[in-house]
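Input: a single structure, listed below in structure tokens.
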Amino acid sequence: MNIVPIFCFLACFSIVLSALRKGADILSPFRVFGFVWAAVIGLTEMKLSGFQHEWSAYSWAVLLSAVVSVLVGILFVDTVLLNRARYVPLSSLRSGPGRIPDGIQRKYVGVLGILAGLYLVSYAAEVVVLGNVPVFSPYPDRARMAFGIFGVHLIVTLAPAILILATEYFLVFRKTLRHKTEVLAIFIITFLSYSLLLQRFSFVMWVVVSSCLAYYYSRYVNWKSLLVASGGFTAFIMFLQSIRLSRYVENYIYVVSRMRISRAFAALSEPYMYTVMNLENFARGVDRLDTFTMGLFTFDPLLALVGLKHPAQDYFGVIERPFLNSGYNTFPFMWTYYRDFGYGGMVLICLVLGIAIAYYYNRFRTDPTLYRAAIYALGVFFMTLSFFTNVLTMLNMATNIGLIYLVNRALFPGGKTGPGGVPVNVFPEVRDGRS
């Protein structure tokens, strides 16, 4: 009997129980990252597909070293560098929105309008040149991958950042009718137009980052609202999926995935395979990799941006996704660093990532500003999807992260005061824990 899934699911249950304690933060780095990886490892070790295999001791050692390194980095910051007693209470955080000066609100809406304008012009240009959008194509799934003009499409893929910034506006500003109408129009137009491209992953980014910001800044986020919101989003994603794939595909995936469960649960085949095959690909790759690429994939967004990605891969004869044994071609986040720098480099980078995420979390909880909240929300997005991909090495995700960072960094610059010494979403009267 395999006890690994039992141990992992007990760890998930313990993390959930710890989050129910009064004053506990369910989105703290250790809880988010620990829960995600305990759940994913547990599901993987259930071995419900014929494509899965027994891992070598070395594969296990490399995977757990990466996960533990991130957790050690988080715990190092949490226990050594900063004092948890200085955290601003969550109840006080949620009482802060609405105190931002009107001048910053005007600038914020202006920046959002400029970004939306660039997005719409680029979107229209692509539709005119390509003549269609994926949702209206006879082969939607194929069309969504082929849609795009390099350079122009990079602006179109900024849609998640625009949606996140619009959501941020509704969470933290004292809204005027004019600005509220403008931002709502930007949100609706961007949401509906980008939905036609059938890009689910971008909407996942919007939901995760916006939910994190809502958790910290909204008084209306509770278990009921989370259930309603998650149910609605799941229905929306399923709707996109129903457009992309035909009805028979559910049973087809069940068969080709060699599932070892009843056909009555065929609908679980796709989410299960999307979850576990990342780790299976990693375990196979670790056992077979004998050369390292010295930063080629870690710095992939930069190389892609300057047009050197594919020439460099061709020059060095690099296969982008090696050692696959199925149609699933994604890897967990640590694969990038292992493939580039080997075991030692991977462990060091994972440790630094854990320290960085925990550092900004602690900075946000002790001296809260929107700038720090946005950075940590992006950290939650990275941790949540870390079993599936490395969002830091995807050009479209990196540009979205960069845009969210720049807008928040420019308008909400951190520290105790903003422009002119005016407090910016910082609550001096509750800094010592008093509301």
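Quick note: numbers below take in every heavy atom, side chains included, and nothing from hydrogens, waters or symmetry partners.
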Does [X] reach the side chain of [Y], with side-chain heavy atoms less than 4.5 Å apart?
{"X": "Arg260", "Y": "Ser49", "answer": "no"}
{"X": "Lys107", "Y": "Ile104", "answer": "no"}
{"X": "Phe170", "Y": "Tyr217", "answer": "no"}
{"X": "Met259", "Y": "Met273", "answer": "yes"}
{"X": "Val276", "Y": "Lys47", "answer": "no"}
{"X": "Tyr169", "Y": "His179", "answer": "yes"}
{"X": "Val347", "Y": "Val68", "answer": "no"}
{"X": "Leu385", "Y": "Val204", "answer": "yes"}

Are any of the side-chain nitrogens in [X] or [Y] under 4.0 Å away from the carboxylate oxygens of its partner?
{"X": "Glu320", "Y": "Arg339", "result": "no"}
{"X": "Arg365", "Y": "Asp25", "result": "yes"}
{"X": "Glu182", "Y": "Lys180", "result": "no"}

Any chance the rings of [X] and [Y] have centres within less than 6.0 Å?
{"X": "Tyr337", "Y": "Phe341", "answer": "no"}
{"X": "Phe331", "Y": "Phe282", "answer": "no"}
{"X": "Phe387", "Y": "Phe333", "answer": "no"}
{"X": "Tyr123", "Y": "Tyr119", "answer": "yes"}
{"X": "Trp206", "Y": "Phe187", "answer": "yes"}

Quick check: are there more than 12 heavy atoms from other residues, nucleotides or ligands sitting under 6.0 Å from [atom1] of [X]?
{"X": "His53", "atom1": "NE2", "result": "yes"}
{"X": "Arg106", "atom1": "CZ", "result": "no"}
{"X": "Phe7", "atom1": "CZ", "result": "no"}
{"X": "Ile319", "atom1": "CD1", "result": "no"}
{"X": "Phe150", "atom1": "CZ", "result": "yes"}
{"X": "Phe292", "atom1": "CZ", "result": "yes"}
{"X": "Phe35", "atom1": "CZ", "result": "no"}

Main chain of [Y], side chain of [X]: is a donor-acceptor contact present, judged purely on distance under 3.5 Å?
{"X": "Tyr108", "Y": "Leu165", "answer": "yes"}
{"X": "Asn281", "Y": "Thr330", "answer": "yes"}
{"X": "Thr293", "Y": "Leu296", "answer": "no"}
{"X": "Ser59", "Y": "Ala283", "answer": "yes"}
{"X": "Tyr194", "Y": "Leu158", "answer": "no"}
{"X": "Tyr359", "Y": "Val77", "answer": "no"}
{"X": "Asn396", "Y": "Thr157", "answer": "no"}
{"X": "Arg288", "Y": "Phe323", "answer": "no"}
{"X": "Asn408", "Y": "Ile404", "answer": "yes"}
{"X": "Glu126", "Y": "Phe147", "answer": "no"}

Can you name the nearest heavy-atom pair linking [X] to [Y], along with the distance?
{"X": "Leu27", "Y": "Val380", "answer": "O-CG2, 4.4 Å"}
{"X": "Ile186", "Y": "Ala116", "answer": "CG2-CB, 3.7 Å"}
{"X": "Ile357", "Y": "Pro29", "answer": "CG2-CB, 4.2 Å"}
{"X": "Trp37", "Y": "Leu63", "answer": "CZ3-CD1, 3.9 Å"}
{"X": "Ala39", "Y": "Phe9", "answer": "O-CE2, 4.0 Å"}
{"X": "Ala398", "Y": "Leu392", "answer": "CB-O, 4.3 Å"}

Any side-chain donor paired with an acceptor under 3.5 Å for [X] and [Y]?
{"X": "Thr393", "Y": "Asp300", "answer": "no"}
{"X": "Tyr87", "Y": "Thr366", "answer": "no"}
{"X": "Glu280", "Y": "Tyr328", "answer": "no"}
{"X": "Ser18", "Y": "Arg31", "answer": "yes"}

Hey, could you give me the [atom1]/[atom2] distance between [X] and [Y], rounded to the nearest 0.5 Å?
{"X": "Thr399", "Y": "Leu154", "atom1": "OG1", "atom2": "CG", "result": "4.5 Å"}
{"X": "Leu43", "Y": "Leu279", "atom1": "CG", "atom2": "CG", "result": "10.0 Å"}
{"X": "Asp287", "Y": "Ser56", "atom1": "CG", "atom2": "OG", "result": "3.5 Å"}
{"X": "Ile149", "Y": "Leu130", "atom1": "CD1", "atom2": "CG", "result": "4.5 Å"}
{"X": "Gln199", "Y": "Phe201", "atom1": "CD", "atom2": "CZ", "result": "10.5 Å"}
{"X": "Met397", "Y": "Ser202", "atom1": "CE", "atom2": "OG", "result": "4.0 Å"}

In sequence, state the C-alpha distance, the side-chain angles, and the governing distance for Arg372 and Tyr361, and then conclude on side chain to side chain contact (heavy atoms under 4.5 Å, CB included). CA-CA 8 Å; Arg372 295 183 183 123; Tyr361 172 76; over 6 Å; no
Go through the steps to decide whether Trp335 and Asn390 satisfy the test side chain to side chain contact (heavy atoms under 4.5 Å, CB included), and finish with yes or no. CA-CA 8 Å; Trp335 170 250; Asn390 189 336; over 6 Å; no
Could you walk me through whether Phe191 and Phe203 pass the ring-ring contact (aromatic ring centres under 6.0 Å, His included) check? CA-CA 9 Å; Phe191 186 93; Phe203 286 106; 5.1 Å; yes
Is it the case that Arg409 places NZ or CZ above or below the six-membered ring of Tyr371, under 6.0 angstrom from the centre and within 45 degrees of the axis?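 Yes; both conditions hold, so Arg409 lies above the ring face of Tyr371.
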Just do the side chain to side chain contact (heavy atoms under 4.5 Å, CB included) check on Val209 and Thr167 with the steps written out, would you? CA-CA 10 Å; Val209 176; Thr167 304; over 6 Å; no
The test is side chain to side chain contact (heavy atoms under 4.5 Å, CB included); show your working for Leu370 and Leu411 and say whether it passes. CA-CA 9 Å; Leu370 272 175; Leu411 296 178; over 6 Å; no
